[in-house]
**Student:** 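Handing you a structure now.
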Amino acid sequence: MQRKVMKKIIIQGTITVLLFFGLWYTIKQIDWVKIFKVEKVADKTAQKLGDFLWKTIKNTEEENKNIHVVKTLESIVTQICKSNKIERKRIKIHVLNKDEINAFALPNGHLVVYSGLILNSDNQEELIGVLCHEIAHIELNHVMKKLVKEIGLSALISMTTGGSGSEIIKETARMLSSSAFDRSLEKEADIKAVDYLINAKINPEPFANFLYKLSDKEHDAVAYLKWISTHPDSRERATYIIEYSKTKLTNYEAMLPIETWEKVIEELREY
C-alpha cells in the first residue's frame, strides 16, 4: 500500500514538473510585444520622443553645420537607403563636433554621428559600415525595444506628454549615446549592416577591420572610444562579420569620389 502511495506521489510530482516547464517554455515563445500591440503604440511615442531627445542633445552639444560635411553624409545615407529600399526620409542624420569615436540612433530615425568617428575612420568604407550598423538598429526598431524594456512604455509616453522632467529626458539621451544593445540585437544589426553594404556594393571587410582596430586601441584611449566600448565582444563581432561576408562576394565600388572623402577629413580637422 505504501509503495503504491509513493508511486502515485512520484508520478504526480513528475507531471507537475513537466507541466511547469511546458508552461514556462510556452510563455517564453509568446511575443508579448506583438500581443499587446506595443510596437503600434510606440510608433507615435517614438516620433515625439526622438524629436525631444535630439532637441535635448542639440541644445547641449555643438552641431556641425559645414555644408560639405553634412551633404556628404546625407549622400552616403541616401545611397544606402536607395540600395536597400529603405524609406530615405525616415533617416535624419546629425553631425556633432566631438572627439569621441561614436555614433548612435535615437527614436524616429535620428542618427547622430560624432566628428571623432569620421576622423578616426581610415577610409570611407569603415564609416559607411558603422552608419549601416546604426541604420540597421533604426530599421529593426531596436531603439524603442530597448527603451520599452529598460524604461517602460508608460514612462516614455509620459515624456512625450510633458509628464516627465527635463532631467529624465537628458538621462534617456545619455543612455542611448553611451550604452549598448544586448548581444543578440547587436549581432542582428551587424548582419543587417553587412547586407546593406553588399547591396550598396561596398566591401564589408573594412567594417570588420574597424572593430579590430578600435578593439586593439581600447585600453590605450578608452575615453575616446565610446562606440567600441559600448559594443561588447568587438573581436568576436569582427570575426562573424568576416565569415558572413565570405558567402556574399561581389564586385565592390567606392561610394564617394576619393577627393570628396579627403575634403571631408580636411574640413573636420580644421575645426
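What you are looking at is a predicted structure, and each value in this text was computed from that prediction instead of being measured.
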**Student:** Keeping the roles fixed (side chain from Thr247, backbone from Glu243), state whether a donor-acceptor pair exists under 3.5 Å.
**Tutor:**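 Answer holds: no.
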**Student:** Provide the closest heavy-atom pair for Ser245 versus Val194 in the form atom of the first, atom of the second, distance.
**Tutor:**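 Residues Ser245 and Val194, closest heavy atoms: OG-CG1, 3.6 Å.
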**Student:** For the residue pair Gly116 and Ile101, what are the closest heavy atoms and their distance?
**Tutor:**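 Looks like O-CG1, 3.8 Å.
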**Student:** Considering residues, nucleotides and ligands other than Lys92, do more than 12 of their heavy atoms fall under 6.0 Å from its NZ?
**Tutor:**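 Atom NZ in Lys92 is crowded, with more than 12 foreign heavy atoms closer than 6.0 Å.
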**Student:** Kindly list each side-chain donor-acceptor pair under 3.5 angstrom involving residues 69-83, sequence neighbours excluded, with atom names and distances?
**Tutor:**
residue	atom	partner	partner atom	Å
Thr72	OG1	His68	O	2.7
Glu74	OE1	Arg88	NH2	2.3
Ser75	OG	Gln79	NE2	3.2
Thr78	OG1	Glu74	O	2.9
Thr78	OG1	Arg88	NE	2.9
Ser83	OG	Gln79	O	2.9

**Student:** Which heavy-atom pair separates Lys149 from Asp182 by the least distance, and what is that distance?
**Tutor:**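 Minimum heavy-atom contact is NZ-OD2, 4.0 Å.
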**Student:** Nearest 0.5 Å, please: how far is CD1 in Ile57 from NZ in Lys55?
**Tutor:**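 One finds 13.5 Å between NZ of Lys55 and CD1 of Ile57.
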**Student:** Any chance CD1 of Ile258 has more than 12 other-residue heavy atoms, nucleotides or ligands included, within less than 6.0 Å?
**Tutor:**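 Counting other residues, nucleotides and ligands, CD1 of Ile258 exceeds 12 neighbours.
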**Student:** State the OH-CZ distance between Tyr240 and Arg235, to the nearest 0.5 angstrom.
**Tutor:**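 Nearest 0.5 Å value for the OH-CZ distance: 14.0 Å.
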**Student:** Do the side chains of Asp195 and Tyr244 get nearer than 4.5 Å, heavy atoms only?
**Tutor:**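 In contact.
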**Student:** Give me the atom names and distance for the closest heavy-atom approach of Pro206 to Asn123.
**Tutor:**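 Scanning both residues completely, I find the closest heavy atoms to be CB-OD1, 3.7 Å.
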**Student:** Quick check against the 3.5 Å criterion: does Gln124 have a side-chain atom that pairs as donor or acceptor with the backbone of Leu256?
**Tutor:**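 Here the side-chain-to-backbone pair exists.
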**Student:** Could you tell me whether the side chain of Lys146 reaches within less than 4.5 Å of the side chain of Leu176, counting heavy atoms only?
**Tutor:**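 Result yes, sub-4.5 Å side-chain heavy-atom pair found.
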**Student:** Can you find a heavy atom in the side chain of Asn97 that is under 4.5 Å from one in the side chain of Tyr114?
**Tutor:**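 No, every pair of side-chain atoms sits at 4.5 Å or beyond.
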**Student:** Using modelled atom types only, decide if a donor and an acceptor are shared between the side chain of Asn108 and the backbone of Asp51 within a distance under 3.5 Å.
**Tutor:**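 Answer holds: no.
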**Student:** Linking I/L/V/M/F/W/Y whenever any side-chain heavy atoms sit under 4.5 Å apart, do Leu268 and Phe210 land together?
**Tutor:**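 Looking at the clustering, Phe210 is in the same group as Leu268.
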**Student:** Closer than 3.5 angstrom, by distance alone: can the side chain of Asn203 be matched with the main-chain N or O of Glu205 as a donor-acceptor pair?
**Tutor:**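 A pair under 3.5 Å: yes.
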**Student:** Would you compute the distance between atom CD1 of Ile86 and atom CD1 of Ile138 and round it to the nearest 0.5 angstrom?
**Tutor:**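 These two atoms lie 9.0 Å from each other.
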**Student:** Just say parallel, tilted or perpendicular for the rings of Trp54 and His110, cut-offs at 30° and 60°.
**Tutor:**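 Parallel.
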**Student:** Tell me, do Val113 and Leu96 make a side-chain contact under 4.5 Å, heavy atoms counted?
**Tutor:**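 Val113 vs Leu96: side chains apart.
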**Student:** Do Ile128 and Ile242 share a hydrophobic cluster, counting only Ile, Leu, Val, Met, Phe, Trp and Tyr and linking them when any side-chain heavy atoms are less than 4.5 Å apart?
**Tutor:**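 Per the 4.5 Å side-chain linkage, Ile128 and Ile242 are not co-clustered.
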**Student:** Between Glu267 and Arg269, is the closest basic N to carboxylate O distance under 4.0 Å?
**Tutor:**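 Looking at Arg269 and Glu267, the cut-off is not met.
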**Student:** Would you kindly say whether Thr239 and Tyr212 are connected by a side-chain donor-acceptor distance under 3.5 Å?
**Tutor:**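 Indeed, the side chains of Thr239 and Tyr212 share at least one donor-acceptor pair under 3.5 Å.
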**Student:** List the atom of Leu185, the atom of His137, and the distance in Å for their closest heavy-atom pair.
**Tutor:**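 For Leu185 versus His137, the nearest heavy atoms are O-CE1, 4.0 Å.
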**Student:** Which distance, rounded to the nearest 0.5 Å, do you find between the SG of Cys132 and the CG of Asp190?
**Tutor:**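 With rounding to 0.5 Å, SG (Cys132) is 11.0 Å from CG (Asp190).
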**Student:** Atom CG of Leu53 and atom NZ of Lys58: how far apart are they, to the nearest 0.5 Å?
**Tutor:**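 Separation between the atoms: 14.5 Å.
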**Student:** Does any part of the side chain of His142, heavy atoms only, come nearer than 4.5 Å to the side chain of Glu188, both counted from C-beta?
**Tutor:**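 Yes - at least one pair of side-chain heavy atoms lies under 4.5 Å apart.
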**Student:** Could you tell me whether the side chain of Glu134 reaches within less than 4.5 Å of the side chain of Leu131, counting heavy atoms only?
**Tutor:**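 Result no, sub-4.5 Å side-chain heavy-atom pair not found.
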**Student:** So, do Thr56 and Thr172 sit near enough that their side-chain heavy atoms are less than 4.5 Å apart?
**Tutor:**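 Side chain of Thr56 against side chain of Thr172, heavy atoms only: no contact under 4.5 Å found.
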**Student:** With the threshold set at 4.0 Å, does a side-chain nitrogen-carboxylate oxygen contact exist between Glu126 and Lys213?
**Tutor:**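 Yes.
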**Student:** Are any of the side-chain heavy atoms of Pro204 and Tyr252 separated by less than 4.5 Å?
**Tutor:**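 Touching, per the 4.5 Å side-chain cut-off.
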**Student:** Are Val130 and Ile265 linked, directly or through intermediate hydrophobic residues, by side-chain heavy-atom contacts shorter than 4.5 Å (ILVMFWY only)?
**Tutor:**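 Linked within one cluster.
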**Student:** Under the criterion side-chain contact (heavy atoms from CB on, under 4.5 Å), I'd like the reasoning laid out for Glu61 against Lys98: C-alpha separation, chi angles, the key distance, then a yes or no.
**Tutor:** CA-CA 8 Å; Glu61 304 289 354; Lys98 296 200 72 171; 3.3 Å; yes
**Student:** Just how far is it from atom CE of Met255 to atom CG of Leu127, taken to the nearest 0.5 Å?
**Tutor:**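 Going from the CE atom of Met255 to the CG atom of Leu127 covers 10.0 Å.
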**Student:** Shortest non-hydrogen contact from Ala136 to Ala193?
**Tutor:**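 What the structure gives for the nearest pair is CB-N, 4.3 Å.
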**Student:** If we check side-chain contact (heavy atoms from CB on, under 4.5 Å) with Glu139, which of these qualifies: Arg90, Glu87, Lys192?
**Tutor:**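 For Glu139, the side-chain contact (heavy atoms from CB on, under 4.5 Å) test succeeds with only one of Arg90, Glu87, Lys192, which is Arg90.
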